[in-house]
Enquirer: 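Submitted below is the structure of interest, expressed as structure tokens.
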Amino acid sequence: MTTKPADAAARATVYGYPRQGPDRELKKAVEGYWKGRVTAGALRGTAAELRRANWRQLAGAGIDEVPTGDFSLYDHVLDTSVMVGAIPARHRAAVAADPLDGYFAMARGTRDVAPLEMTKWFDTNYHYLVPELGPDTVFAPDPVKQLVELAEALALGLTPRPVLVGPVTYLLLAKPAPGAPADFEPLSLLDRLLPVYAAVLAGLRAAGAEWVQLDEPALVQDRDAAELDAAARAYHMLGSLAERPKLLVASYFDRLGEALPVLAEAPVEGLALDFTGPAAGNLDDLAAVGGLPGKRLVAGVVDGRNIWAADLRKALATLGTLLGPADRVDVAASCSLLHVPLDATAETDLDPQVLPWLAFARQKTAEIATLAAGLSRGAEAVAGELAANRAALDSRAASPLTRDPAVRARTAAVTDADARRAQPYAERAAAQRARLRLPLLPTTTIGSFPQTGDLRAARADLRAGRIDTAGYEERMRDAVREVIAFQERTGLDVLVHGEPERNDMVQYFAEQLTGYLATRHGWVQSYGTRYVRPPILAGDISRPGPMTVRWTSYAQSLTDRPVKGMLTGPVTMLAWSFVRDDQPLGDTARQVALALRDEVEDLEAAGTAVIQVDEPALRETLPLRTADRPAYLAWATGAFRLTTGGVRADTQVHTHMCYAEFGDIVQAIDDLDADVISLEAARSHMQVAHELAAHGYPREAGPGVYDIHSPRVPGADEAARLLRTGLEAIPAERLWVNPDCGLKTRGWPEARASLENLVAAARAVRAELDDRPAPGARR
Ligand code: GLN
Ligand code: ZN
């Protein structure tokens, strides 16, 4: 391996660090502030203390250059909106009255004004607040937060590198403000925005920042010529400023592709590139552009989004090949460590044998430091670390947890026929009509009913040992009885048991499958003060026994109407977990699908006539580059069909997805071959019904007529109007009536009233239809 002279020693760095603190102190402080129990001063103090603790931890682990400005009280894209003065008109009064309260008003809304919209940060589970921009937006620099955090890190004697969302990504993430023309393109504001960035950069330089990082992850997506031109103009302008720090333009989550030559030619001093997962293509692309002569390359060789220990020898080899093309190579994680939990050593409940396989944020910083040392001084200098790493990787590879011969044999024996229903849809539909005897426009719900305080208290009592499993299950059965009685009384046609026993739709199954690990402290920020603890899909997946059958069967024992079995689909089981990185995702999905297939079979054997397999994550894990999508959709839809393909013709398979914009995957939705699909549609006025029709979707569909994201109760007239709109696209024989999504976040009063109105709407519209009952229908 090539080594460099000591004066060009590779440096270790990261782009961002988990914000919450070891005990989620940030969540407690922010929520305490909202409730009036924590003063603004105390909140700021906690935040500053957490930042200092993070920097000390980073420096202690051997990170040479620490990020600043990545910390946030809520979201870093919202912080960027504040930094450039893009405060929506409706929030200006609140911000003027009190910047901190105004900030939270933008994030969460107030009684009088709506918050900014929230959406997913690329293909992660982190949600950012969408900037709202219009032709009238006036930008103005507000660098206070950046300057404060820079000063804090300098005061600790560290080398800080402020991290900002780059101007191109900021604009590409924005949407037209209310009142702006619908075709308004935020990117058209670039020339107005750049002087604001110039001012912030000059301020940071004057305050002592040698380097500033500008994050441009939007450039790893397919970008057209105008967008690439915008990137070229932006970095030409910023690079040509007289008073500025050195600029490091960072990309992550995928390869830069067409944007690489643009940035390589830009007058900036450094690029940060991801070399993990789908972004590994950056290696060849870099060679193709002739490297980055004269520039610093920060190489993201440690996966910043997953929790596995890196293969240090492999990473070191990648770094070695990069030494040629750039003037100087530094070592980093592929992206901000925001997306992984803080510290694996906090997981004292995990099998000690498993612990060395894992690298959370803290462990990753040690890996990065080791790699930087190995790159500078040669592999011999880190021989001890490399040997320990090899031992951990070997133990993982050889563990019975990761390799279960029975699972492997079964997965290998899967045939195409397993993933296909035996009968064509028309035949299935006839068999299901005969068995279910549903009316036209059948009514149903998506699965969960309100997760009340009582239910959560029962779970807490169980955890604390105040009740035993039998006592807990009795309380869950009480809830099922209440849900079934309500649905019968209200006149719903296909019932659900209400999912009271499920804490979370992925975790519930993960806890019952072999091959999954659970963490106790593995919190990852989802948005604002909301954190999730994704389970770890570590090994070969099998199902020791039925997971849901007793709940569905109990519910079915209480009623003559069909009760839906309710499962989380394989794609969603992967998407909301940390997945193993030692085999293709499609292989992992197939294992999960086979375990779920057994559950489907058991439900069917227990007499369940309708089985719903939810896949709300199908679209969000769509690869960022369109070229990679067909392969993903092939394994994803294949896994769904493997889960559901074994059922009889008269067992009705439902699926559910909660999004309204699904144009780019409508073919994949069709490929699932589910008999019935429910989708979110209320807010978009049934637009999905028209999109399904335009595609020629041949099966049954339930575009939602009740927006469950709001406590508002839709009137029966309103639901009926939406239904009539749906009927313009989907014939009555194939149209279902249901809410947009599950009701778990709703309270009983509004859920009750809304479902009563939904049933009334279905009855009213049925009466308007001609007098032809579906064969054998109950009316
Ligand atoms: N069956 C689940 C529920 O009703 C579906 C949730 C979801 O789509 N996210 O809660
Ligand atoms: Zn949903």
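Predicted model, so just to flag it, every value in this text is computed and none were measured. Whatever order the structure lists them in is the order used to number ligands and atoms, beginning at 1.
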Enquirer: Side chains of Q507 and Y516: donor-acceptor distance under 3.5 Å anywhere?
Expert: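 Note: Q507 and Y516 side chains miss the donor-acceptor criterion.
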Enquirer: For the pair D587 and R590, find out whether any cationic side-chain nitrogen is under 4.0 Å from an anionic carboxylate oxygen.
Expert: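 A salt bridge is present here (some side-chain N lies under 4.0 Å from a carboxylate O).
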Enquirer: Ignoring angles and geometry beyond distance, decide whether Q612 reaches within less than 3.5 Å of ligand 1 through its nitrogen or oxygen atoms.
Expert: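 Among all N and O atoms of Q612, none is under 3.5 Å from an N or O of ligand 1.
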Enquirer: Tell me the protein N, O or S atoms under 2.8 Å from the Zn ion (ligand 2), in chain and number order.
Expert: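 As for protein N, O or S atoms lying under 2.8 Å from the Zn ion (ligand 2), they are H656 NE2, C658 SG, C741 SG.
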Enquirer: Can you tell me which residue and heavy atom of the protein come closest to atom 6 (C) of ligand 1, and the distance to 0.1 Å?
Expert: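 Ranked first by proximity to atom 6 (C) of ligand 1 is M505 SD, 3.5 Å.
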Enquirer: Are D673 and R641 within salt-bridge range, i.e. N to O under 4.0 Å?
Expert: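 No.
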Enquirer: Geometry only, no angles: is M566 polar-contacting ligand 1 at N/O separations under 3.5 Å?
Expert: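 Looking only at distances, the answer is no, because the N/O contact criterion of under 3.5 Å is not met.
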Enquirer: For atom 4 (O) of ligand 1, grab the closest protein heavy atom and report residue, atom and distance to one decimal in Å.
Expert: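 The closest heavy atom on the protein side is S448 N, 2.9 Å.
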Enquirer: Please name all residues satisfying ring pair (Phe, Tyr, Trp, His ring centres under 6.0 Å) with H127, sequence neighbours left out, ordered by chain then number.
Expert: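 Listed in chain order: Y527.
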Enquirer: Within ligand 1, which atoms have a heavy atom of G742 less than 4.0 Å away?
Expert: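 Those atoms are 3 (C), 4 (O), 10 (O).
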Enquirer: List the residues meeting side chain to side chain contact (heavy atoms under 4.5 Å, CB included) with T124, not counting sequence neighbours, and say none if there are none.
Expert: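 T124: side chain to side chain contact (heavy atoms under 4.5 Å, CB included) contacts with W121, Y126, F253, R305, H339.
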Enquirer: Can a side-chain donor-acceptor contact be found between E599 and T548 if the only test is distance below 3.5 angstrom?
Expert: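 Distance-only check passes for T548 and E599.
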Enquirer: Counting each atom of ligand 1 from 1 as listed, which ones have a heavy atom of K744 under 4.0 Å away?
Expert: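 The list of qualifying atoms is 6 (C), 10 (O).
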Enquirer: Do H654 and Q652 meet the criterion of a side-chain donor-acceptor pair at a distance under 3.5 Å?
Expert: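 Checked: H654/Q652 side chains pair up, N/O donor to acceptor below 3.5 Å.
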Enquirer: Give the atoms of ligand 1, by number and element, whose distance to some non-hydrogen atom of C741 is under 4.0 Å.
Expert: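 Those of ligand 1 that fall under 4.0 Å from C741 are 7 (C), 8 (O).
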Enquirer: Please write down residue, atom name and distance for the protein heavy atom closest to atom 1 (N) of ligand 1.
Expert: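 For this ligand atom, the closest protein heavy atom is D614 OD2, 2.6 Å.
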Enquirer: Give a yes or no on whether a salt bridge exists between R712 and E718, defined as a side-chain N under 4.0 angstrom from a carboxylate O.
Expert: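 Counted as a salt bridge, because a side-chain N and a carboxylate O are separated by less than 4.0 Å.
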Enquirer: Do R481 and E474 meet the salt-bridge criterion of a basic N to acidic O distance under 4.0 Å?
Expert: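 R481 and E474: salt-bridged.
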Enquirer: As an exercise, identify every atom of ligand 1 less than 4.0 angstrom from a heavy atom of C658.
Expert: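 Going through ligand 1 atom by atom, the ones under 4.0 Å from C658 are 7 (C), 8 (O), 9 (N).
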Enquirer: Using a plain distance cutoff, I'd like to know if H656 has any nitrogen or oxygen under 3.5 Å from a nitrogen or oxygen of ligand 1.
Expert: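 Between H656 and ligand 1, an N or O pair is found under 3.5 Å apart.
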Enquirer: What pairs with E482 under side chain to side chain contact (heavy atoms under 4.5 Å, CB included), at least two apart in sequence or on another chain?
Expert: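 Per chain and number, E482 pairs via side chain to side chain contact (heavy atoms under 4.5 Å, CB included) with W748.
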Enquirer: Between D675 and R428, does any side-chain N to carboxylate O distance fall below 4.0 Å?
Expert: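 Yes.
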Enquirer: Against heavy atoms of G447, which atoms of ligand 1 measure under 4.0 Å?
Expert: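 Heavy-atom distances to G447 below 4.0 Å select 4 (O).
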Enquirer: What's the separation between atom CZ in R108 and atom OG1 in T529, rounded to the nearest 0.5 Å?
Expert: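 Nearest 0.5 Å value for the CZ-OG1 distance: 7.0 Å.
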Enquirer: Suppose I only count heavy atoms of E499 and a 4.0 Å limit; which atoms of ligand 1 are within that range?
Expert: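 Answer, ordered by atom number: 1 (N), 2 (C), 3 (C), 4 (O), 10 (O).
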